[in-house]
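The next block holds one structure in the form of structure tokens; read it before the comments.
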2 protein chains.
Amino acid sequence: MRPGPRRSISQADIVDTAFRLLEEKGFAAVSIRGVAAALGLTPTAMYTYFASKNALLRAMVEQLLSTIDVGAASDAEVIWRGRVTALAGALRTRLAAHAGSMVLVTSGPLDGPNALGLSEVLIGGFTAEGMTPADAAHSARAVWAYVLGIAAVDAAERAGELGHARPPSDGETLWTDAAAFPLTAATADAARADDGFGWGLDRLLDGLTSAVPAALSAP
Amino acid sequence: MRPGPRRSISQADIVDTAFRLLEEKGFAAVSIRGVAAALGLTPTAMYTYFASKNALLRAMVEQLLSTIDVGAASDAEVIWRGRVTALAGALRTRLAAHAGSMVLVTSGPLDGPNALGLSEVLIGGFTAEGMTPADAAHSARAVWAYVLGIAAVDAAERAGELGHARPPSDGETLWTDAAAFPLTAATADAARADDGFGWGLDRLLDGLTSAVPAALSAP
DNA sequence: ACCTGAACACCGTTCAAGT
DNA sequence: ACCTGAACACCGTTCAAGT
């Protein structure tokens with residue numbers, strides 16, 4: 001209860017405020033100056049807590065990942081397939097919650113404790129299924145990639161909902177008529193209704209688990 | 001050969017210059033003002049060609065995708081597995097060539113002609129393997145997601161190579177010791193040497209093709 | 001149609017100075 | 001240790017005006 005050496009505000013307060021601005025006003029509002037103002041601070045005071053804007057972004061990634069329950073994913077009583085699926089779904093949900101998540105995630109390596117904890121659980125789970133350490137690491141990476149990739153495509157599609165740029169009127173435009181793509185057009189509505197995240201993840205896990213010699217793969 | 005109505009510069013020139021700046025000086029250099037200066041134009045003149053910076057970014061995505069040979073991927077003489085693999089590899093190579101590619105790709109929906117052409121080939125290929133249109137669309141989306149996801153993870157890792165932010169000295173830091181993740185640490189070098197892109201893609205395609213009733217899946 | 005110049009409302013980051 | 005104020009070198013975008 002003794003008063004700590006640091007006054008007024010903590011790193012966690014700054015990250016929380018940054019997320020609030022991200023939700024309320026979008027990624028552009030997540031600026032050193034904007035967050036500082038929201039906290040009643042001067043922009044320069046921010047550099048007491050984070051060495052750069054990028055350091056703040058990476059702290060936000062860690063906070064985002066910290067809300068995922070890795071403990072449940074480590075519970076060996078539940079079959080592995082169910083645990084990876086839950087983990088991937090949770091990660092996907094967190095990434096989908098904020099439009100700017102992809103920029104956050106690519107702000108630096110996923111090497112914070114929460115990111116490493118997630119990787120650890122994934123590699124451990126695949127290893128327990130009979131994979132070699134190298135295959136388990138590649139499998140974990142593939143699952144990360146799939147989830148991040150779906151999040152990226154989702155984010156890109158949402159980005160287009162507001163303000164579509166129009167082609168510049170004359171015949172020299174780079175864009176051509178989209179009616180030339182019948183298969184894409186025919187399946188666009190179906191893809192929108194059910195984006196197939198779960199289905200694709202199941203197929204990926206099918207392929208990954210079929211790689212283990214003594215196949216224990218789930219349905 | 002008659003002189004066109006538009007003088008000095010074309011949309012394609014602007015996109016080319018933007019890519020040159022991206023390669024030479026990184027994503028931060030791809031600004032309306034920066035590209036304009038490199039072309040000897042005033043920033044405001046840029047708005048004659050593109051309605052916004054985002055429109056320029058999306059044109060860059062299309063130019064990036066235009067270098068992928070979709071024709072070869074449509075050649076039914078070659079087995080489908082080989083064609084998807086080549087297509088995904090080419091896309092991955094293009095995305096890896098520029099550090100800022102992920103920001104580009106998430107600047108809006110992948111709905112330009114080149115992006116749609118790629119989707120069309122993917123959906124068509126999976127359909128020809130015996131998939132329902134819906135499954136083929138989901139499979140195409142899964143392949144996109146996997147490739148974009150690997151590119152995102154790669155970009156994130158490269159972003160960390162320059163300028164690592166240090167934790168802020170005291171015990172209240174958000175970051176903990178990375179030595180607590182033995183599996184991740186043990187496989188980190190292997191993952192760096194061979195990122196498993198091809199292996200993971202093969203597993204994904206295994207899983208996807210195993211979904212077709214009369215299985216024609218390749219090794 | 002294409003381009004300029006001036007202006008508006010912002011950025012991240014550094015530095016010297018205060019307490 | 002934490003914070004302020006002033007400054008530097010930038011942004012995207014709009015508007016009125018020129019040719």
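Chain identifiers are assigned alphabetically (A, B, ...) following the order of the sequence lines, protein sequences preceding nucleic acid strands; residue numbering begins at 1 within each chain.
- Neither OP1 nor OP2 of dC2(C) sits under 4.0 Å from any side-chain N or O of Tyr49(B).
- As rounded to whole Å, 18 Å separates atom P of dA1(C) from atom CG of Leu41(B).
- Residues that satisfy the side-chain contact (heavy atoms from CB on, under 4.5 Å) test with Asp16(A), not counting sequence neighbours, are Gln63(A).
- For the pair Leu39(A) CG and dT4(D) P, the computed distance is 11 Å after rounding to whole Å.
- Proximity of a side-chain donor or acceptor of Arg83(A) to a complementary backbone N or O of Ala73(A) within less than 3.5 Å is detected.
- With sequence neighbours left out, the side-chain contact (heavy atoms from CB on, under 4.5 Å) criterion links Ala136(A) to Ile123(A), Phe126(A), Thr127(A), Met131(A).
- Checked against side chain to side chain donor-acceptor pair (under 3.5 Å), Thr184(A) has the following partners two or more places apart in sequence or in another chain: Glu120(B).
- Rounded to whole Å, atom C1' of dC11(C) lies 15 Å from atom CZ of Phe27(B).
- Distances shorter than 4.0 Å separate some side-chain N or O of Thr42(A) from OP1 or OP2 on dT4(D).
- With a 3.5 Å limit on both pairing distances and Watson-Crick or G-U wobble geometry required, the stems of 3 or more pairs in DNA chain C span C:4-8 with D:12-16, C:12-16 with D:4-8.
- When the salt bridge (Lys or Arg N to Asp or Glu O under 4.0 Å) test is applied to Arg33(A), no partner is found at least two apart in sequence or on another chain.
- Contacts of Thr106(B) classified as side chain to side chain donor-acceptor pair (under 3.5 Å), with partners at least two apart in sequence or in another chain: none.
- Considering only heavy atoms from C-beta on, Arg141(B) stays 4.5 Å or farther from Ser119(B) through its side chain.
- Evaluation of the side-chain contact (heavy atoms from CB on, under 4.5 Å) rule for Ala115(B) yields Glu62(B), Leu65(B), Leu110(B) as partners, not counting sequence neighbours.
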Strictly under 3.5 Å: I want the nitrogen or oxygen pairs between protein and nucleotides 12-14 of chain C, one per line.
| unit_1 | atom_1 | unit_2 | atom_2 | d |
| --- | --- | --- | --- | --- |
| dG12(C) | OP1 | Ile32(A) | N | 3.0 |
| dG12(C) | OP1 | Lys53(A) | NZ | 3.3 |
| dG12(C) | OP2 | Ile32(A) | N | 3.0 |
| dG12(C) | OP2 | Arg33(A) | N | 3.2 |
| dG12(C) | N7 | Arg33(A) | NH1 | 2.5 |
| dG12(C) | O6 | Arg33(A) | NH1 | 2.8 |
| dT13(C) | OP2 | Tyr47(A) | OH | 3.0 |
| dT13(C) | OP2 | Lys53(A) | N | 2.8 |
| dT13(C) | O5' | Tyr47(A) | OH | 3.3 |

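- Residues passing the salt bridge (Lys or Arg N to Asp or Glu O under 4.0 Å) test with Arg92(B), sequence neighbours excluded: Asp154(B), Asp195(B).
- Comparing dC10(C) with dA9(D), their P atoms are spaced 22 Å from each other, to the whole Å.
- dC11(D) atom P lies 10 Å from atom CG of Leu21(B), rounded to whole Å.
- Residue pairs that meet the ring pair (Phe, Tyr, Trp, His ring centres under 6.0 Å) test with at least one member in residues 88-108 of chain A, sequence neighbours left out, are Phe19(A)-His98(A).
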Just the atom pairs and distances: protein N or O near nucleotides 16-18 of chain C's N or O, under 3.5 Å.
none

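- Taking Val30(B) as the reference, Ala18(B), Leu22(B), Leu57(B), Met60(B) meet the side-chain contact (heavy atoms from CB on, under 4.5 Å) condition, with sequence neighbours excluded.
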